[in-house]
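Input: a single structure, listed below in structure tokens.
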Amino acid sequence: MTAIKHALQRDIFTPNDERLLSIVNVCKAGKKKKNCFLCATVTTERPVQVNVVKVRKSDKGDSYKRQTAWALRDLGVVDAKDAIKENPEFDLHFDKVYKWVASSTAEKNAFISCIWKLNQRYLRKKVEFANVSAQLLEELPKVAEESEPSGENHSVAGGDEEAVDEYQELNAREEQDIEIMMEGCEYAISNAEAFAEKLSRELQVLDGANIQSIMASEKQVNILMQLLDEALKEVDQIEGKLSSYEEMLQSVKEQMDHISESNHLIQLSNTNNVKLLSEIEFLVNHMDLSKGHIKALQEGDLASSRGIEACTNASEALLQCMNVALRPGHEMLQSVKQQQQLFTDLREQFARRLASHLNNVFVQQGCDQNSTLVQHSVDLTLPSHHPFHRDLLHYAKLMEWLKNTDYTKYDGLAKNYMDYLSRLYEKEIKDFFEVAKIKMTVMTKEGKKFATLPRKESAVKQETESLHGSAGKLTGSTSSLNKLSVQGSANRRSQSSSLLDMGNMSASDLDVADRTKFDKIFEQVLSELEPLCLAEQDFICKFFKLPQHQSLPGTLVSDTEEVDGINSSRPHNPGGQPPASSEKDMVRQMMTKIFRCIELELNNLIALGDKIDSFNSLYMLVKMSQHVLTAENVDPASFLSTTLGNVLVTVKRNFDKCISSQIKQMEDVKISKKSKVGILPFVAGFEEFAELAESIFKVAERRGDLDKAYTKLINAVFINVEKIAIESQKTPRDVVMLENFHHLLATLSRLKIPCLEAEKKDAKQKYGDHLQSYVIYSLGQPLEKLNHFFEGVETRVAQGVREDEVSYQLAFNKQELRKVIKEYPGKEVKKGLDNLYKKVNKHLCDEENLLQVVWHSMQDEFIRQYKHFEGLINRCYKGSGITMEFTIEDILEYFSSIAQSH
């Protein structure tokens, strides 16, 4: 280590005018060991600067290089980790914490001791030493000498720690004196003994001069002593006078203390009197109720508007007196206790009087309202409660007072109001709905009466069964599809029973009129209920001081027991405010109790309307949706909005049942084996349903349910038309398909329903395909042998026989062709077409008027086949002179004359 010190001093620190005092071999803690040296150095120039320098070995060769230097004044803490056990680790806190591990504990201790010594000498304990033993700091280990800048070896730091501590720097005056003395003794450097001897002689001369000077000043010292004695005498005299003065001031002080104490007591008394007056004024001003208010609370007239106003003012004054915030100690005063007892008695007395009066008002309201029920019931209107609400609202402030002072009586009044009003509203609403049901029932009976006038029910049933077999047994006498089946039967037999047709038209017209009347009655019912519920809810919120337009959690309470126990789960707080959660539910619960019969009556009315005519569910769905939307716009959390929403679910369920019933009836329809099919009843029923639905939903905002119903119905119509077409024995499958899909296409084209555009295209495609199929199949009958012959010719050509060689085939030579052509002269062709026309006429029904359309298509197809045959003759029998015995002009004339003759 000594060699390293000398090398570092020589190579690194001497060129920088620094001296190396201590060195320690270290590596960084926690990392791969890479040794370096920490050196404690001081500068040789003044002022002295102390540094800690990090030196590491160069990568090239054995030389060392200076890496980092920190000033000792920047060192904050030296942490030796453990003051008891030997530990080579230590930390130096400069701008950050540097963790080191020394090669040995001795080197670490020597380095820390050197740092401590330099701190004591130059920084005066600015560095904190942590976990360093006191013994280590007390011992001042010797520091090795180091070489001078000239390169000669001497101690690194001469002397031990005591020498270092006793050493003091020369000040400027001392340095100047030494320099003057050395200038006068130039030989001092070469002959130190002579210089010291000279200094000793001069010191002896100075000591003698000092003694002589002291002896010469003895006289002056005596004079000084005399002056000091006189001064002491003067001091004694002054102290005597001060003592007398102090005695005099002591008596004055006692008198002043007595006066000050008296003034303090007077001031304290005045302060207490002011505070007492303030307390008395506070109690008088805040707890004094006038005689007029007391009289109003005890005897005020609660039946007149003036008396109500006086009682309201008195109750508010009483509430202010009772709610005054008393200061500490007031409640112990007897007068305050008496006044509080007076207020309590007045509150209880007035609360009882007010509750009794309002209960009587509720009872009287029920009696007065019953007298007007008959007139309103006949007119299908609900009686207005506005006058009663208007009169009761005069008590609104008193109800608020009662709510704040005696919640038990307030809660009792709310229950009594619900009991009285629920019975009253139940009677009014039931009578109102009874009238509505009667009007609907009378309307239905009249409709049935007029509908049966043209023909008897047995005749209708007989004709229906003769046409559709068991179709006359379809359930639901009011079903639209069943009515349409009867109407279809009458239309198909119009030539033999015009009276029956008139009767059916009357029934159909009457159905429309009945549905319109039902729609008006249902709309009037909803229009009467809506303002009634909204007005009552608004009154309850204002009269009972409950929050409006709050979010009502959960579904409406329909259980009577839960409504009756409106406050059973709420902790009663007499004279205080109810819990916030209970107050939010109170409006919902009161409205549910008062109008508990509305939802039941509405459901019964809806069931009746659905029983009268299942299509009434369309009207009800639109009306209920409109009123639910209106109620939600006014208050989405109101009782009316929630109730109508629940009823709307029932209406939607009935609407779905209606659609399912229509589909079921389609599936149950049976056809007669002895009569032609024609337009199927459910196809005409879908037309009626679509016309009715479009007229009802024309101004409705909710078409989603209808569009879904359309999709279900049209799919069922498609499926069942194809099923019946397959089952049909009397009418060809293609005729059933083309007639019914033509009817569907006409219906969808006329109504222009957006959601059924794809089905309209599908119906058009099916109609065209089956029309073409029927035409081709039917036309094969008049020229059957000719068709077979040319099919054989085409087969030979397809097998590879050249067209000009077909005539050489034995079965298809010219003679065979002439023989087949002779079998179909013009007269025979016309006769065959006439038979074809009769057959087509027998297949097609009169309702759809498709005979001319089919006949024209057959004409086009016949001409196409004729041209095809001519083309084959020209190609395969070229030059033979063979031609058909009739021309295209003859064909046109045949078709025209046949159509005109029939």
Side-chain angles (χ1 to χ4, degrees), residues 358-393 395 399 411-438 521-522 524-544 546 548 552 556-566 585-606 627 631 634-635 637-647:
L358 288 177
N359 282 326
N360 294 333
V361 173
F362 297 158
V363 175
Q364 185 64 32
Q365 161 66 10
C367 297
D368 295 342
Q369 200 74 19
N370 284 332
S371 61
T372 63
L373 287 179
V374 177
Q375 177 183 357
H376 288 286
S377 297
V378 173
D379 298 336
L380 195 58
T381 58
L382 285 167
S384 174
H385 290 243
H386 176 69
F388 175 61
H389 291 166
R390 180 192 60 212
D391 295 339
L392 276 181
L393 283 177
Y395 300 94
M399 284 297 297
D411 190 49
L413 275 177
K415 288 183 177 180
N416 291 338
Y417 180 83
M418 286 189 292
D419 291 337
Y420 291 129
L421 267 294
S422 62
R423 292 195 291 268
L424 174 62
Y425 274 117
E426 185 173 1
K427 183 173 180 55
E428 291 178 355
I429 291 170
K430 285 187 176 180
D431 291 345
F432 173 73
F433 274 96
E434 282 300 320
V435 174
K437 292 174 184 177
I438 291 172
I521 294 173
F522 193 72
Q524 188 172 359
V525 169
L526 295 179
S527 299
E528 288 292 323
L529 288 176
E530 184 173 345
L532 182 73
C533 293
L534 292 177
E536 184 63 31
Q537 178 167 323
D538 184 64
F539 167 75
I540 288 175
C541 293
K542 291 179 180 178
F543 183 70
F544 291 97
L546 298 173
Q548 291 182 326
L552 301 179
L556 286 177
V557 179
S558 58
D559 192 346
T560 306
E561 295 181 359
E562 184 176 350
V563 176
D564 291 338
I566 182 172
D585 295 339
M586 194 168 179
V587 177
R588 171 177 62 87
Q589 294 172 344
M590 291 184 71
M591 289 292 294
T592 303
K593 176 67 181 295
I594 293 172
F595 293 107
R596 57 190 173 187
C597 64
I598 282 184
E599 187 171 343
L600 177 62
E601 292 296 331
L602 273 174
N603 287 331
N604 291 337
L605 186 67
I606 289 168
H627 283 271
V634 175
D635 181 5
S638 67
F639 164 81
L640 177 67
S641 176
T642 310
T643 302
L644 293 182
N646 294 339
V647 176

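All values below were derived from every heavy atom in this structure, side-chain atoms included, with hydrogens, water molecules and symmetry-related copies excluded. Along the sequence shown, the residues carry numbers beginning at 1. The structure displayed is predicted, hence computed values, not measured ones.
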Leu600: partners by side-chain contact (heavy atoms from CB on, under 4.5 Å), with sequence neighbours left out | Asn604

Where do Cys533 and Phe639 come nearest, in terms of heavy atoms and distance?
-> SG-CE2, 4.3 Å

Given side chain to side chain contact (heavy atoms under 4.5 Å, CB included), test Asn603 with Asn646 step by step and report yes or no.
-> CA-CA 10 Å; Asn603 287 331; Asn646 294 339; over 6 Å; no

Check the angle between the aromatic planes of Phe362 and Phe388 and answer parallel, tilted or perpendicular using the 30° and 60° thresholds.
-> perpendicular

Contacts of Glu601 that satisfy side chain to side chain donor-acceptor pair (under 3.5 Å) - sequence neighbours left out | none

What distance separates Leu534 CG from Phe539 CZ, expressed to the nearest 0.5 Å?
-> 15.0 Å

What distance separates Gln364 CD from Tyr420 OH, expressed to the nearest 0.5 Å?
-> 12.0 Å

What residues form a side chain to side chain donor-acceptor pair (under 3.5 Å) with Asn360, not counting sequence neighbours?
-> none

State the CZ-CD1 distance between Phe432 and Ile598, to the nearest 0.5 angstrom.
-> 10.0 Å

Do the two ring centres, one from Phe543 and one from Tyr395, sit under 6.0 Å apart?
-> no

Residues at least two apart in sequence or cross-chain that pass side-chain contact (heavy atoms from CB on, under 4.5 Å) with Ala414, listed by chain then number, are Phe544, Met586, Met590

Rounded to the nearest 0.5 Å, what's the gap from NZ on Lys415 to NZ on Lys593? Could you check?
-> 9.0 Å

Closest non-hydrogen atom pair between Ala436 and Val525, with its separation = CB-CG2, 3.9 Å

Check the pair Leu640 / Phe595 against side chain to side chain contact (heavy atoms under 4.5 Å, CB included), numbers first and verdict last.
-> CA-CA 10 Å; Leu640 177 67; Phe595 293 107; over 6 Å; no

Output the distance between atom CZ (Arg588) and atom CG (Leu546), rounded to the nearest 0.5 Å.
-> 13.0 Å

Begin from the C-alpha positions of Lys542 and Asp538 and carry the test side chain to side chain contact (heavy atoms under 4.5 Å, CB included) through to its verdict.
-> CA-CA 6 Å; Lys542 291 179 180 178; Asp538 184 64; 3.1 Å; yes

Identify, with sequence neighbours excluded, every residue that meets side chain to side chain donor-acceptor pair (under 3.5 Å) alongside His627.
-> Glu523, Glu530

How close do Leu382 and Glu428 get, heavy atom to heavy atom, and via which atoms?
-> CD2-O, 3.9 Å

How many angstroms lie between CD1 in Ile594 and CD1 in Ile540, if you round to the nearest 0.5 Å?
-> 3.5 Å

Excluding sequence neighbours, so at least two apart, what forms salt bridge (charged side-chain N to carboxylate O under 4.0 Å, His left out) with Glu426?
-> Lys430, Arg596

By side-chain contact (heavy atoms from CB on, under 4.5 Å) - contacts of Pro531 (at least two apart) = none

Using side chain to side chain donor-acceptor pair (under 3.5 Å) as the criterion, list what pairs up with Asn416, not counting sequence neighbours.
-> Asn359

